[in-house]
Amino acid sequence: MDTTVRLVLAGAGALIGILAPRYPHVTAMVFAALLTVVGGAGVLVFHGAEVWMVVALLPLLALGTLLLTRWLPRAGALLMLGTALALAVPTLTGGRSEARLPAIGVAAVLLIVGTAKPRWGVLMACATIGACLAWGAGPLVAGIGPWAVTLAAYLVLGGLLLHTRRGADSGPPWASCLRASLWVAAVLAVSLAALPLTARALTPTDGPGAERRARLQTEVLHGGLVWPLPSEALIWGDTDFPAFENLDALYLGDRADAGLVQLPGSSPARGRFALNGPIHRMRALKDAHEIDLLKRASHATVEALRRSLHLYRDGGYEGAIAEAVHYHFGQLGCDGNSFPPIVASGANALDFHYMKNGDPLVAGEAVITDIGCYVQHYASDYTRTLPVGGRFSPRVRELYDALDAAHRAAAAACRAGVYLRGKETPDGSKSLDTLAREVLESHGAPSDFGHGIGHPIGLFAHDVFPRREPLEAGMVVMIEPGIYIEDEGIGLRIENAYVVHEDGCELITGGIPTDAAGIERMMARAFSSPPDGGAPAGEGPR
């Protein structure tokens, strides 16, 4: 993350975590208002509420929640602290399943303490939000240690300040609570009612975008707003990838930087407050044009890696591989990386999102190479685990064979009607995630890879997807089981893209084999006759 951004976040966190507890009445009302806006808006948007309904209901929700801080200060503190901890738990755990249960346990204890003592609930909510802001993405960026130290400092300093105040358990005074409630309700109503006036209409278009607009219009007769949404680039800290894009507008034939837009002819009152939900249901099923672009991006990615195989030599560098792949993307007509490349050798492969790419390659180690490119803003995503020097060590070969078997089993079971993860189908078919883990266990390999069996792909590397629904024909999904053994410093992953059909699935990232013997043969050929394409030589880190 950029240093300037980190300093701004740290400053905001300090203000919230240290100063806010000195004004518990105002703080309680602000937190209650934020909770109402975020939570209430989320529910209304999720259900596709019309603009008039959002304008009418959100101010009423704000009014009720703010008054709750006066009538039931314990409930108000519980709402505030619960909101703060909901942010803190994923930040602290960084998505690691083994850390999630202890973090939830600590959060439960804090909720009990904060509910019993509302003033401490307000304090801990301020401290938690402050610490999360101060460290941005928590352990994904800065590590658990600094996060915990910051949180402890906010708790101690905030506690000292809060103890100098009295009456923190009584809730805000009636008069100030009512005035704040009315002001918040009025501002919300006016602001929400004015939003459709600030949105511009989608630009006229032909081709697939026009067809998609026509399909959308049959579902939402009165139109509505299409919002730019945050992307997972928020946690990457890479300025080449925008944190907010309107990919839904792009899907309808506009631009990704379109900002807030609305369907032409939308009703200011009866149009939906957000059309992103219906658009995401459409985006989950790819049409022929989208599948063609995804195939082009996938084929280019496989070819870029194939041309870089000769760089997996003892003494080479992770960064040299990343640079070579990016160079070949350009030669193959791609529009750049679809996410920062991951070239993780040895123990670096234990980090799912390792992006430093700065270490030397060592003979005997395996290298997870997770790369992707854009073709007309449709993304590819592709992972191979390749041996430095061209041959797997006996231990890595043993684990890799188990992983390859798990990947093949999941791919063989992939078809419309099965679940990517979680449920079984009525006929007893297991989810692809469950099936892959069972195969790993049958080979004596660990099955607790933390990233799930796969994800959809489309306009973004991790695209929109109805996660509780079974696969449907026309979806394009990644299958990527992994093996990670921290004690041995070994991380392995295989990832391929598949188009889902009624009776099976179609591989669109073919070209580099997944079996160990096939990989070793291909790498031997690459070492004996490296390509002569003017690619970077990759002498080492710069």
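Classification of Glu219 and Arg281 as a salt-bridged pair holds, one side-chain N sitting under 4.0 Å from a carboxylate O. Using a cut-off of 4.0 Å between Lys/Arg side-chain N and Asp/Glu carboxylate O, Arg408 and Asp401 are scored as not salt-bridged. Under the 4.0 Å criterion applied to side-chain N and carboxylate O atoms, Asp463 and Lys286 are assigned as salt-bridge partners. A salt bridge links Arg283 and Asp248; the closest N-O separation between the charged side-chain nitrogens and carboxylate oxygens is under 4.0 Å. Salt bridge present: Arg200 and Asp254 bring a charged side-chain N and a carboxylate O closer than 4.0 Å.
Between Trp227 and Phe273, the two ring planes are tilted [angle within 30° to 60°]. Using the six-membered ring where Trp is involved, His377 and Tyr374 have ring planes that are tilted, between 30° and 60° apart.
Among residues two or more places apart in sequence or in another chain, the side-chain hydrogen bond (donor to acceptor under 3.5 Å, both in side chains) test is passed with Glu303 by Arg306, Arg307. By the side-chain contact (heavy atoms from CB on, under 4.5 Å) test, Val396 pairs with Ala366, Phe392, Ser393, Ile490, Leu492, sequence neighbours left out.
Among the candidates Val325, Thr301, Asp381, Asp335, the single residue satisfying the side chain to side chain contact (heavy atoms under 4.5 Å, CB included) test with Cys373 is Thr301.
Counting non-hydrogen atoms of other residues, nucleotides and ligands closer than 6.0 Å to CZ of Arg391 gives a total of 12 or fewer.
For the pair Arg212 and Tyr251, the cation-pi criterion (under 6.0 Å, within 45° of the ring axis) is fulfilled. Seen from the ring of Phe527, Arg313 counts as a face-on cation partner, given the 6.0 Å and 45° thresholds. Judged by the 6.0 Å and 45° rule, Arg437 forms a cation-pi pair with Phe449.
In this structure the side chain of Leu225 reaches within 4.5 angstrom of the side chain of Leu260, judged on heavy atoms.
Under the 3.5 Å distance criterion, with hydrogens and angles disregarded, a donor-acceptor pair is assigned to the side chains of Ser431 and Thr434.
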